[in-house]
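Notes for the one structure printed next.
Fair warning: this is a prediction, and the values are worked out from it, not measured in the lab. Proteins come first, then strands; the chains are lettered A, B, ... in the order of their sequence lines, and each starts at number 1. The basis for the numbers below is simple: all heavy atoms, side chains too, and nothing from hydrogens, waters or symmetry mates.
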Protein chains: 2
Amino acid sequence: MSAIDYPLPLKALIVQLKRLPGIGPKSAERIAIWLMQRGGEVTGPFAETLAAAGREVVECAVCGFFSTSETGCALCDGTNRDAALLCVVEQPADILPLERSGAFRGHYHSLRGKISPLENVGPGDLRIGELLVRLRQGQFAEVILALGSDVEGEATAHYLAEALGEFDGLRITRLAQGLPAGGGLEHADELTLMRALQGRVGLG
Amino acid sequence: MSAIDYPLPLKALIVQLKRLPGIGPKSAERIAIWLMQRGGEVTGPFAETLAAAGREVVECAVCGFFSTSETGCALCDGTNRDAALLCVVEQPADILPLERSGAFRGHYHSLRGKISPLENVGPGDLRIGELLVRLRQGQFAEVILALGSDVEGEATAHYLAEALGEFDGLRITRLAQGLPAGGGLEHADELTLMRALQGRVGLG
């Protein structure tokens, strides 16, 4: 309808912002305008921080968590962690929520994804080889599969349970499924209730 | 609870993202992780675009719209625009929505804000001097005050109506207030209904 539009550099910024997760076209435009109204004093340092993070943050070669060094990260280097426990997660972003729960003080291993035939992700694309190496070299007594409860997470858990069969005496567990904390039954779907019933535990 | 956290460059990025309008701590973390998982290939060009926009986009010295040149922008340079109409808006971001409405083909003037004693913004902080210069030099027959209908917008409109009194024969109008398009009466607040009644127009 109108030939008037934002100048090209601003349009390019809106395009970049729209790609971010959870940012729609309206939000992208609002954020871009907010940035333009503040100008170089805000965009300059922001751009530098963004570039620096992209440049400096790498995947820890051991556990797969975000790190500034490829050989060892705050998690892997940490003393007073339980050397017998290894918690396997799908992605590095899953680690901090588990850590913040305070219920786990062992080591972590991010797979960098989950088996998903639809997205062409097979076991060979995941950090499973690295996991086997760690299990052979370490003194782990238990591997906790902290994977999602969706189809891909379940498939990955089953694949891993099989692949880890070679380790005699290694305990393989997975996260409990059931009611989320603070959630009433009226908000739980049927599958969650089924799992909660199947996993019911004795009281007293 | 936990001493483990994201590496510093990632934390710095989360801080920057949290400052953006409409982005809470959770969204900032999710976006930052999304960016880290994509790495330098995505963050590099994004950072360049951001820095370029902040560097290259300036305020048009004439109308106040976003421009890549301080002297004239796509709006001011545009031919086949009505030279008799000037639409005054609070901020450059207000211009494109009006333009997209298709109901206006005159010129624009962004004030770069509105009178707000609470935020220490007085008439001297706005582009009112520039407005007077344009009115003296141009052949405008009507100034449309397209300001917000909040207290500050109203105060700014009243101030401008007075300040523009020196221009004999200049018509000063403001946007109609009433029901938003497609909105039923049940969603309108009392003040909106009062304005809609006061501004009622004859049919047929």
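- Summarising the local packing, CZ of Arg38(B) is surrounded by more than 12 heavy atoms from other residues, nucleotides or ligands at distances under 6.0 Å.
- At least one side-chain heavy atom of Leu35(B) sits less than 4.5 Å from a side-chain heavy atom of Leu20(A).
- With respect to the salt-bridge test (charged N to carboxylate O, under 4.0 angstrom), the residues Arg100(A) and Glu29(B) qualify.
- Annotation: side chain of Val15(B) is not in contact with side chain of Thr49(A) (no heavy-atom distance under 4.5 Å).
- Summarising the geometry of Thr68(B) relative to Pro7(A), their closest heavy-atom pair is CG2-CB, 3.8 Å, with the distance given to 0.1 Å.
- Annotation for Glu119(B): atom CD does not count as buried by contact number, only 12 or fewer foreign heavy atoms lying within 6.0 Å.
- Heavy-atom pairs under 4.5 Å with chain A were tallied for Leu8(B), Ile95(B), Ile23(B), Val57(B); the largest tally goes to Val57(B).
- By number of non-hydrogen pairs under 4.5 angstrom with chain A, the leading residue of Pro9(B), Pro92(B), Cys73(B) is Pro9(B).
- Highest contact tally toward chain A, considering only Glu41(B), Lys11(B), Arg112(B), Arg30(B), is held by Arg30(B) [criterion: heavy-atom pairs under 4.5 Å].
- Of the two parts of Ser27(A), neither the backbone nor the side chain holds a non-hydrogen atom closer than 4.5 Å to a non-hydrogen atom of chain B.
- Interface residue Leu75(A): backbone and side-chain heavy atoms are both found under 4.5 Å from chain B.
- One distance of note links CD of Gln91(A) with CD1 of Ile33(B); it measures 7.5 Å at 0.5 Å rounding.
- For Glu142(B), the CD atom is densely surrounded, since the number of other residues' heavy atoms within 6.0 Å is greater than 12.
- Minimum interatomic distance between Leu13(B) and Ala53(A) (heavy atoms only, all atoms of both residues): CD2-CB, 4.0 Å.
- Inter-residue side-chain proximity for Gln16(A) and Pro45(B) is flagged as met; some heavy-atom pair is nearer than 4.5 Å.
- The number of heavy atoms from other shown groups lying within 6.0 Å of CD (Glu162(B)) does not exceed 12.
- Nearest heavy atoms, Leu17(B) versus Phe46(A): CD2-CZ, 3.7 Å.
- Contacts of Arg19(A) with chain B are made by both backbone and side-chain atoms, with heavy-atom separations under 4.5 Å.
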